[in-house]
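Structure record follows, encoded as structure tokens.
None of the values given here were measured: they were computed from a predicted structure. Atom set for the values below is all heavy atoms of this structure, side chains included, hydrogens, waters and symmetry mates excluded. In what follows, chains are A, B, ... by sequence order, proteins preceding strands, each numbered from 1.
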Number of protein chains: 2
Amino acid sequence: MTTTLQPRWLDADQQRIWRSFLNGVARINERLEAELRCFGLDLGEYEILVHLSESPDRSLRMSDLADRVRQSRSRLTHTVARMETKGLVSRMACPSDRRGVIALMTTRGSELLVEAAPAHVESVRRALVDPVDPDDFAALGRAMDAVTGVPGATGVQD
Amino acid sequence: MTTTLQPRWLDADQQRIWRSFLNGVARINERLEAELRCFGLDLGEYEILVHLSESPDRSLRMSDLADRVRQSRSRLTHTVARMETKGLVSRMACPSDRRGVIALMTTRGSELLVEAAPAHVESVRRALVDPVDPDDFAALGRAMDAVTGVPGATGVQD
DNA sequence: AAGTTGTTGTTGAACCGTAAACTTCTTTGC
DNA sequence: GCAAAGAAGTTTACGGTTCAACAACAACTT
């Protein structure tokens, strides 16, 4: 037989919270995407620009960038290709590894990020930060860190 | 001039939490999708089956269903059409409103849900419920309710 | 040093979601 | 009653994501 033990169903509270989570995430995404569309960007492209802007020389190896923005390599290739035609990024060969490709943000990309960032941050505030109680917001951070396995201070403060 | 006041940037903590959120959500989605793929479903299809199974006669108006699973009407039409070819749902005319279409779950759809549900619930536990501290999990629920504007008990308990 | 294995990044096809136009029907207001 | 406005679903075209196969290179292995 396969390992089909009795399923540990969620209790009523857990199920309510789980559905609240699904609803909340969907709502947040809707708002952020809608807002970024005014700048001709989606969340994936925006994140690419953010991570490039935070890196030395505004550049990052494709595989490194893919990990940071949680996109598959294939998806990143396609997305960066599109952004390249828009003049937001460009690509060059990696000097240290001839397999590698380095994506770098253009001046135009940088300018678009500077333009879009304030509105985006305001969206994040309106959609999440402002409506949520600060203690709950901190708990949200701990919860998501636990999900991704970030060590986090589980013990007592000293 | 446009209303470009000084942007209220996120402070270091808020930004860390926001990124934890993005990472956590992505991780949870990955796991749930990967698990459901074993049953030939994605999260959108699974949710359709769940909501149909909870409704009288295992049936729901398309627009009603669309609201519950947070899909656009267009998307739902496509998804249900696909599921219909798989034999998981079927469609019939709505008796009370001749514009309406009623989606209903087939026996096959019901059987697939019964088969997939335990594994899915286990995924939700492993990805979210189990790793997160119970108090933080409750706070997560309150936070997401605040995001979607669910009234919620903000005051003191009586 | 040659062969194996793993990594990096791209390609093209299939698939899915989005957006806008459109049909049919209901509801509203005069 | 009738025209206008609105709602329910579908359709089509387009764009983006996924998936599997692939080419080029690096890193081990012996």
Check: Taking for each residue the nucleotide of DNA chain C with the nearest heavy atom, is it B/Asp42 or A/Gly100 whose nucleotide lies nearer the 5' end?
Finding: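 Result: A/Gly100.
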Next item on the list: Please figure out whether A/Arg37 or A/Ile102 has its closest DNA chain C nucleotide nearer the 5' end.
Entry: A/Ile102
Would you indicate whether the side-chain heavy atoms of [Y] and [X] approach each other to under 4.5 Å?
X: B/Val121; Y: A/Arg8; value: no
X: A/Thr79; Y: A/Arg75; value: yes
X: A/Arg125; Y: B/Leu10; value: yes
X: B/Leu49; Y: B/Val89; value: yes
X: B/Val50; Y: B/His120; value: no

Cationic N near anionic O, under 4.0 Å, [X] to [Y]:
X: B/Asp145; Y: B/Arg142; value: no
X: B/Glu45; Y: B/Lys86; value: yes
X: B/Arg126; Y: B/Glu35; value: no
X: A/Asp42; Y: A/Arg82; value: no

Margin query: Just to be sure I understand the geometry, which residues of residues 60-84 of chain B put a non-hydrogen atom under 4.0 Å away from DNA chain D?
Written below: B/Arg61, B/Met62, B/Ser63, B/Arg73, B/Ser74, B/Thr77, B/His78
Note to self: Please verify the inter-ring angle class for A/Phe21 with B/Phe21; under 30° counts as parallel, over 60° as perpendicular, anything in between as tilted.
What the structure shows: perpendicular
Checklist line | Between C1' of C/dG17 and CD of B/Glu47, the distance in whole Å | finding: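 The answer, rounded to whole Å, is 16 Å.
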Return the polar atom pairs (N/O with N/O) between nucleotides 24-29 of chain C and the protein under 3.5 Å, or none.
from, atom 1, to, atom 2, distance (Å)
C/dT26, OP1, B/Arg98, N, 3.4

Notebook entry, point to check: Do the side-chain N or O atoms of A/Arg91 get closer than 4.0 angstrom to the phosphate oxygens (OP1, OP2) of C/dT10?
Noted result: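 It does, given that an N or O in the side chain of A/Arg91 lies less than 4.0 Å from OP1 or OP2 of C/dT10.
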Next item on the list: Taking heavy atoms of chain B and a 4.0 Å limit, find me the 5'-most and 3'-most nucleotide of DNA chain D within that range.
Entry: D/dG6 to D/dC19
